[in-house]
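Every chain is numbered from 1, with letters handed out A, B, ... down the list of sequences.
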Protein chains: 2
Amino acid sequence: MPKSNQASQSNTVKTLQVIQTEVQNINKIALSVDCVIFGFDENKLKVLLIRSDLKKYHGKWSLLGDLVFPNEDLDAAAYRILKQRTGLSDVYLEQVHTFGKVSRHPAGRVVSVAYYSLINVQHHKLNILENELHWHDVKSVNDMAFDHQQIFDTCLQQLQKRVQEHPLGFNLLPKKFSLRELQNLYEAILDIKMDRRNFRKKFFAMDFLTDINEMEQDVAHRPGRLYKFDFDKYEKKKKKMIGIDF
Amino acid sequence: MPKSNQASQSNTVKTLQVIQTEVQNINKIALSVDCVIFGFDENKLKVLLIRSDLKKYHGKWSLLGDLVFPNEDLDAAAYRILKQRTGLSDVYLEQVHTFGKVSRHPAGRVVSVAYYSLINVQHHKLNILENELHWHDVKSVNDMAFDHQQIFDTCLQQLQKRVQEHPLGFNLLPKKFSLRELQNLYEAILDIKMDRRNFRKKFFAMDFLTDINEMEQDVAHRPGRLYKFDFDKYEKKKKKMIGIDF
DNA sequence: TATTTAATGTGTAAAATAAACACATTAAAC
DNA sequence: GTTTAATGTGTTTATTTTACACATTAAATA
């Protein structure tokens, strides 16, 4: 048990003045936000990427990000990026992890806070500048610029875990959806096949899908019923629950 | 559906030069690490806190933290703080969340990355400077300085969730422990009572406890068998698993 | 308008997991 | 030697999860 127990004796507590000096004059670092923006289209989970223009990463794709302003809340910076890139304001957004290796960015020391967001692709389609931004199938994402592959992988894993604990998926669907669409979404996110009857049973048992008495239109087969997610009902139910499953 | 779809047209991709200028000259922010250091003693979950010396927060307790140096990896800063405060090097450490509200710190704009760590209290007891550092029962922690109460709450919740998915708890115990100690630990972390027979059955079924054929000493009742956690066995087992439970 | 197509809508049985529960045994303290 | 306070051990029940098949519907087509 080799425990070196000599704690550094610079254990003095810093005064407010010392801290202020450090905060104002030294030890400052550029801070950025990178967003993994997920969408769902053609029964596939997609991610919105931008072409990197840095020579070192020519032709590679990167996440959407920007530096955080000194007078801007961290979450606000993430929302700003989403608004700029998709035109959407009311977006599901979740912080995942902060990446802080000294040499992770070619422009110098930049610590980046990763968020993922879930958007309904139908709502923003017009806002893509075609040559720069592109929706990629998550399965074909590899070899991104900087450490963005690692950031992307981390966010996708987080999404896969979260979507099994909380009803996030609805943010990726239209307001009205069929159970088949919902199941396709879960199968795309988790990259698995699910039993159709058990899937239905499970979601009906949760009891926050509202049957809106409408049917799918323009499908070349028997149309399915349409539902919407009852957010209020879910919130009430959530308060009664102990565990984290939904 | 009021969706304002005018995406900002400042959509131009920044050149490396522009980014470098921003990174070097403007938009820099002080970055800190705050550690929620958990320990386990007297069958209670404890957290190591330091007395705040700032007038504004006189008498309140705060987490152990410091600014990140510009040439220091983020994780390295967290390990540095732990080494300074506890004298321990090989510590379980996990990043939880980054807190970035503009006005969260009285010394100016400081974004803080929160980590929690799990240490064996027996290993470091000598290193506490008595008047400044103190082990608090987590149940009595409230009203901390700055936004540290929120950071603490977030980290405790994260620990409670993680400990049900992965075998972290062993980091809080001596190398050799009885099943009663292990159960006490889980009950303290999760703040619940568990059935003793089911608890044993569950851990034996996991099959990474090694019976070392020793018994407890100096207990005023029938002594229990001692076990150790077989890390290698767990790693092998983990690779075969699909889900997140252990 | 009859037939084909491709999906929807529905229930039950088996398997796996989790929860509830009691008594004989042991070493130390008295 | 008796008391004390814990350890060690299995079975039954309830709950949750999984596996699985066929009649129905609307559109498309012949």
Original post:
Please give, in whole Å, the distance from C:dT26 P to B:R225 CZ?
Top reply: 12 Å

Subject >> Integer-rounded Å distance: C:dG9 C1' and A:L182 CG >> reply: 16 Å

Subject >> Any B:R197 side-chain nitrogen or oxygen under 4.0 Å from OP1 or OP2 of D:dG8 >> reply: no

Subject >> First encountered from the 5' end of DNA chain D, between A:P223 and B:S178 >> reply: B:S178

Original post:
For the pair made of CZ in A:F177 and P in C:dT8, what is the distance, rounded to whole Å?
Top reply: 14 Å

Original post:
Side chains of A:Y186 and A:V163: closer than 4.5 Å at any heavy-atom pair?
Top reply: yes

Original post:
Taking only side-chain nitrogens and oxygens of A:R180, does any of them come within less than 4.0 Å of OP1 or OP2 of C:dT8?
Top reply: yes

Subject >> Beyond-backbone contact of A:Q150 with A:R104, side-chain heavy atoms, under 4.5 angstrom >> reply: no

**OP:** If the plane angle is over 60° it's perpendicular, under 30° parallel, otherwise tilted; pick one for A:F231 and A:Y234.
**Re:** tilted

Original post:
Does the D:dT25 base have a donor-acceptor partner in the side chain of A:R222 within less than 3.5 Å?
Top reply: no

Original post:
Please give, in whole Å, the distance from D:dT17 C1' to A:R200 CZ?
Top reply: 19 Å

**OP:** Compare all side-chain heavy atoms of A:L168 with those of A:L159 and state whether any distance is below 4.5 angstrom.
**Re:** yes

Original post:
Of the nucleotides C:dT10, C:dA20, D:dA26, which has the atom closest to the A:R196 side chain?
Top reply: C:dT10

Original post:
Quick one: the side chain of A:K201 and the base of D:dT16, do they pair up donor-acceptor inside 3.5 Å?
Top reply: no

**OP:** Whole angstrom is fine here: how far is it from CE in B:M194 over to C1' in C:dA19?
**Re:** 12 Å

Original post:
Donor-acceptor pair under 3.5 Å: do we get one between B:D218's side chain and the base of C:dA28?
Top reply: no

Subject >> Lys/Arg N to Asp/Glu carboxylate O, A:E214 vs A:R225, below 4.0 Å >> reply: no

Original post:
Rounded to whole angstroms, how far apart are CZ on A:F199 and P on C:dG9?
Top reply: 13 Å

Original post:
Out of C:dA22, C:dT10, D:dA5, which nucleotide sits closest to the side chain of B:H221?
Top reply: D:dA5

Subject >> Rounded distance (Å) that lies between atom C1' of C:dA16 and atom CG of A:N198 >> reply: 14 Å

**OP:** Provide, to the nearest angstrom, the distance between the CG atom belonging to A:D195 and the C1' atom belonging to D:dA21.
**Re:** 11 Å

